[in-house]
J.: 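Have a look at this one.
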Amino acid sequence: MDNSVKKLIENNLRQALFQIKKKGFSYHRLPPIIITQPKKKEWGDLSTNLPFSLSKISGESSLEIGRALVTHLKGSDLFSRVEFAPPGFINFFFSPSYLKETIRKIVTERKNFTRFSEGKNKLVQVEFISANPTGPLHIGHGRAAAFGDSLANVLSKVGYQVQKEYYVNDMGGQIKRLAYSLWARMQELEGKRVSFPKDGYRGDYLIPIAKKAQEELGEKIRKIKDESKIIPILTKFVVKEILKNIREDLDKFGVKFNNWFFESTLYQNNELKKTISFLKEKDFLYEKEGALWFKTSLILKGKQDRVLRRKNGDYTYFASDIAYHKDKLKRGFYRVIDIWGADHIGYVPRMKAAAEVLGYPPEALKMVIYQLVTLKKGEKRVSASTREGEFITLKEVLKEVGRDAARFFFVLRTADSHLDFDLELAKKQTPENPVFYIQYAHARICSILEKAKKMGILLEEPEKVNLDLLTTPEERDIMSYLALLPDCLKEAADSLEPHHLAVYLQELSSLFHYFYTRHRVISENKELTNARLILIQAVKIVIADVLNILGISAPSKM
RNA sequence: GCGCCUGUGGUUCAGUGGAUAGAACGUCGGCCUCCGGAGCCGAAAAUCGCAGGUUCGAGUCCUGCCAGGCGCACCA
């Protein structure tokens with residue numbers, strides 16, 4: 001728990017800062033202490049530019065600050081060396097004893113090695129995908145699913161109690177069009193020539209649902225003459241069916257939600273109307289031209305007001321979304337994270353403004369925007385669109401490239417990057433996909449452990465093994481990198497960027513494969529064998545743990 | 001027109017204001033008596049879109065421009 005090595009170094013630095021202040025160095029405030037992994041091995045395992053940043057504040061020379069800090073940093077058993085690298089860096093070299101402690105911890109604490117306690121008792125919500133139940137999930141939703149699920153896992157590692165929620169828009173014009181589209185399909189099945197509703201959903205996926213609707217509802221519907229009374233029945237049916245498909249896809253993708261929140265409940269339990277009254281009391285509403293308006297302009301300068309209730313009496317999506325966020329706030333989340341596609345970017349300021357009126361503390365509501373996925377078919381780029389019925393479904397992607405590869409592919413990039421999903425490449429990607437590289441490292445380790453077992457070599461308790469024997473540069477590099485994992489996870493959580501973990505895995509796997517080709521784990525030297533078995537176990541545990549966070553399997557055989 | 005995102009080797013992407021900008025794929029050349037060759041090593045390949053600015057120091061921050069993506073509803 002709480003195995004941040006950067007935190008340890010930071011504490012050491014703070015003590016040293018306190019010491020040099022007593023010796024006459026003057027600074028009125030501390031700069032943020034930034035500790036990074038340097039580019040070159042000669043510059044240590046970790047490094048800080050504190051002399052630079054402190055010099056900027058105090059006006060004293062970075063050379064003097066650096067030298068003074070280093071003399072006061074000596075004496076920690078964390079490092080074997082601390083070097084001042086003029087003109088302004090301090091480089092830290094982990095001590096062998098710290099590295100030993102690291103792999104012992106990993107082997108004994110296992111998954112708890114990456115666990116933090118800081119979020120304890122704090123509720124966080126991650127709301128993601130929330131695709132309208134008007135069609136199957138497509139490749140873009142896959143990105144949201146992989147990102148949101150991984151982020152939720154990362155946050156729960158840091159100690160938060162995370163709730164994953166899917167908001168279902170089962171109201172409004174889109175759903176109405178969907179029901180009419182289904183009705184048209186059903187009539188087609190009966191051989192009637194009907195004109196398809198304009199702006200209807202033309203995708204083939206409605207055809208099997210239409211068949212099922214006929215089987216289950218046909219008789220009931222035939223008795224109803226008034227079409228307007230048929231539609232509500234069909235609406236309920238089609239939403240249920242499509243949600244069932246969505247759940248199946250997500251199940252295959254390894255994504256499970258704690259809660260499915262239906263927009264319609266906000267109507268049923270009157271919360272929507274209560275929200276409207278609330279906003280009215282706050283004097284944020286007015287009527288104009290028969291519609292009810294929200295005074296967005298009071299908060300967002302230069303922006304126009306937005307309609308909450310239309311002339312025809314229907315509430316807008318914005319209205320129920322305000323009610324939805326009011327409900328979330330009431331549920332006591334320390335933080336609410338909404339993961340939205342870039343096509344909702346213009347909606348962010350509006351929702352934030354509404355949140356302010358609802359009384360959200362500014363940092364409590366965070367929208368993460370991920371850029372949309374475009375499909376690359378040869379030289380052509382095709383964007384996904386549910387309405388036109390021309391899209392690659394998540395189901396197809398899963399069929400083509402598999403869950404592990406798909407999830408890794410989606411989560412390897414930052415949310416900001418515009419993802420070109422080259423399906424042709426993804427299809428033939430199997431051998432060269434980076435996820436296999438990582439899983440292969442895991443499988444290789446399992447295989448070695450299995451071999452050791454067959455040879456009758458028992459895995460010793462880490463305390464009983466002489467880890468001082470792990471002295472080669474390759475072994476040291478692995479241990480050093482393992483020590484950085486908790487910080488990597490912490491940073492992924494703080495920045496809401498799970499891709500750091502995917503990058504970490506690639507590097508760790510590379511270090512392991514490199515080690516593997518140079519050294520034998522199982523050898524005549526019994527003591528060394530035991531030590532290396534501990535090392536590779538640590539690597540194995542870490543790979544499996546991080547893959548698990550990313551929702552990817554860690555097979556022992558491939 | 002306005003707002004947000006992106007522009008880094010041939011391609012896809014990493015990169016927390018710091019030290020000589022990294023990796024993968026592709027290309028070329030090597031490495032299997034021996035724990036899994038789905039691996040490893042080496043080489044070629046980058047004016048970090050362009051132009052200014054801030055700074056001791058800019059791929060990273062600011063301004064302008066160029067190119068691409070997404071928005072700019074009484075749709076969701």
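All values derive from a computational prediction rather than experimental measurement. Each chain gets a letter, A, B and so on, in the order its sequence line appears, and its residues count up from 1.
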J.: Without decimals, in angstroms, what is the distance between A:Q506 CD and B:rA38 P?
T.: 19 Å
J.: So that I can tick it off, tell me whether A:K328 and A:D338 are bridged by a salt bridge, with the cut-off set at under 4.0 angstrom between side-chain N and carboxylate O.
T.: yes
J.: Any side-chain N or O of A:Y437 below 4.0 angstrom from OP1/OP2 of B:rC40?
T.: yes
J.: Using a 4.0 Å heavy-atom cut-off across all strands, classify A:K176 as base, sugar-phosphate, or nothing.
T.: nothing
J.: Measure from CE on A:M171 to C1' on B:rC75 and round the result to the nearest Å.
T.: 15 Å
J.: Can you tell me the Watson-Crick or wobble partner of B:rG17, both distances under 3.5 angstrom?
T.: none
J.: Could you point out which residue of A:D170, A:T235, A:N169 forms a side-chain hydrogen bond (donor to acceptor under 3.5 Å, both in side chains) with A:S264?
T.: A:D170
J.: RNA chain B: A:H344 or A:K557, which has the more 5' nearest nucleotide?
T.: A:K557
J.: Specify the glycosidic conformation (syn or anti) of B:rC32, with syn defined as within 90° of 0.
T.: syn
J.: Less than 4.0 angstrom between a side-chain N/O of A:T414 and OP1 or OP2 of B:rA14, yes or no?
T.: yes
J.: Considering every strand shown, what is the Watson-Crick or G-U wobble mate of B:rG36 when both distances are under 3.5 Å?
T.: none
J.: Under 4.0 angstrom, heavy atoms only, what part of the nucleic acid is A:R413 near: base, sugar-phosphate, or nothing?
T.: sugar-phosphate
J.: How many Å lie between CG on A:N132 and P on B:rA76, as a whole number?
T.: 9 Å
J.: Paired with B:rC74: which nucleotide, if any, by Watson-Crick or G-U wobble criteria at under 3.5 Å for both distances?
T.: none
